[in-house]
Amino acid sequence: MTQWRSLAERMVREQIMARGVRSEAVLEAMRTVPRHFFVDEALRDSAWIDSPLPIGEDQTISQPYMVARMTELLGPARGETVLEIGTGSGYQAAVLCALGAKVTSLERIAFLAYRARERLDGLGFDVRVVWSDGSPESRPDGPFDGVIVTAAAPELEEWWSDVLAPGGRLVVPLSVMSGGQRLLLRRKAAGGEYEDTWHDYCRFVPLLKGRKGNGSGG
Ligand code: SAH
């Protein structure tokens with residue numbers, strides 16, 4: 001128990017603070033969420049390393065630094081609503097939940113959605129996990145104070161911006177010409193206009209269309 005705390009502390013210091021994440025709330029959330037429970041038992045010893053890790057179905061749990069950086073850009077305040085697209089392991093959702101956000105998270109692969117839901121419930125993170133690919137028929141209405149896309153998007157989907165509340169933020173890894181992606185932070189001003197800024201280069205698994213599996217988690 002105490003051992004993972006010191007691994008978490010070290011991860012925060014060496015991987016996250018060292019690369020310039022400053023938000024104390026984000027750093028504290030990264031210290032308190034038990035990342036080792038979001039990977040398979042066989043990978044538990046590797047959970048805190050400076051890398052994404054496989055979670056099955058050809059998907060990955062994101063690198064700790066990337067989770068921290070995207071969370072800092074999103075900047076959720078306690079009680080704000082956040083939509084995540086790409087639940088994966090549920091780790092990013094747990095970090096947002098630890099910051100006091102009300103999180104809804106979409107996952108297109110039934111098995112991952114099911115497993116993330118069980119895991120988050122078991123650890124006491126109150127996250128709504130929905131088996132969905134965010135297609136026109138299934139997208140949530142919003143509004144949301146934050147939208148975070150955790151898979152590589154070839155382009156911006158219009159509805160991500162539409163569901164933002166005034167003052168809301170969208171964070172998404174958008175494909176760039178050089179290959180890979182770059183983090184885009186979009187803020188919606190009170191009057192509805194957008195302010196876009198570009199941040200870290202990164203490499204995520206692709207955002208895909210269509211749901212996979214069946215609703216019972218198979
Ligand atoms: N946030 C995750 C890591 C995400 S990996 C974590 O903390 O572990 C990206 C995830 O996005 C994968 O699980 C993938 O299945 C999912 N995904 C890809 N396209 C999607 C879509 N259109 N809608 C919902 N989820 C999607």
Side-chain angles (χ1 to χ4, degrees), residues 11 15-16 26 29-30 33-40 43-44 46-49 51-74 76 82-99 101 103-120 123 125 127-140 144 146-160 163 170-175 180-181 183 202-215 217-218:
M11 171 190 82
Q15 302 174 32
I16 299 175
V26 172
M30 299 294 298
V33 176
R35 183 171 166 93
H36 56 296
F37 287 139
F38 290 84
V39 298
D40 287 343
L43 286 175
R44 232 154 245 182
S46 308
W48 305 92
I49 67 172
S51 172
L53 292 169
I55 55 170
E57 301 279 337
D58 284 332
Q59 306 304 318
T60 55
I61 178 175
S62 305
Q63 178 195 27
Y65 164 73
M66 204 38 71
V67 172
R69 183 72 179 128
M70 289 175 83
T71 305
E72 184 176 61
L73 290 172
L74 193 72
V82 173
L83 175 69
E84 179 189 30
I85 301 165
T87 313
S89 68
Y91 178 68
Q92 172 73 74
V95 169
L96 293 166
C97 192
L99 281 160
V103 187
T104 301
S105 185
L106 311 186
E107 173 53 58
R108 66 176 282 275
I109 300 177
F111 169 69
L112 293 179
Y114 172 80
R115 209 170 49 177
R117 194 182 291 133
E118 297 267 286
R119 179 182 279 151
L120 288 161
L123 293 169
F125 293 104
V127 173
R128 193 168 152 251
V129 179
V130 184
W131 179 40
S132 164
D133 71 339
S135 63
E137 316 79 62
S138 65
R139 71 185 51 156
F144 295 96
V147 173
I148 179 169
V149 182
T150 61
E155 55 191 14
L156 273 183
E157 297 271 355
E158 226 168 276
W159 73 269
W160 298 338
V163 296
L170 164 68
V171 176
V172 49
L174 261 192
S175 298
Q181 306 97 38
L183 292 180
C202 48
R203 204 165 273 278
F204 279 80
V205 295
L207 190 74
L208 298 173
K209 289 197 198 304
R211 293 197 302 178
K212 184 180 170 196
N214 66 57

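Numbering of ligands and ligand atoms starts at 1, following listing order.
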ring-ring contact (aromatic ring centres under 6.0 Å, His included) with Phe38: which residues, sequence neighbours excluded?
Tyr91
Which atom of Ala151 lies closest to which atom of Pro173, heavy atoms considered
O-CG, 3.5 Å
If you look at each N/O of ligand 1, which protein N/O atoms lie under 3.5 Å away, and at what distance?
residue	atom	partner	partner atom	Å
ligand 1	1 (N)	Glu84	OE2	3.0
ligand 1	1 (N)	Gly86	O	3.0
ligand 1	1 (N)	Thr150	OG1	3.1
ligand 1	7 (O)	Gln92	N	3.0
ligand 1	8 (O)	Ser89	N	3.0
ligand 1	8 (O)	Ser89	OG	2.6
ligand 1	13 (O)	Glu107	OE1	2.7
ligand 1	13 (O)	Glu107	OE2	3.4
ligand 1	15 (O)	Glu107	OE2	2.6
ligand 1	19 (N)	Leu208	N	2.9
ligand 1	22 (N)	Asp133	O	3.1
ligand 1	22 (N)	Leu208	O	2.7
ligand 1	25 (N)	Arg108	N	3.3

Is the backbone of Ile148 close enough, under 3.5 Å, to the side chain of Glu84 for a donor and an acceptor to pair up by distance?
no
Let me have the donor-acceptor pairs involving side chains of residues 53-61, under 3.5 Å, with sequence neighbours excluded, atom names and distances please.
residue	atom	partner	partner atom	Å
Glu57	OE1	Lys212	NZ	2.8
Gln59	NE2	Glu57	O	3.1

For Trp160, the ring-ring contact (aromatic ring centres under 6.0 Å, His included) test, sequence neighbours excluded, returns none
For Ile85, does its backbone N or O pair with a side-chain atom of Thr150 as donor and acceptor, under 3.5 Å?
yes
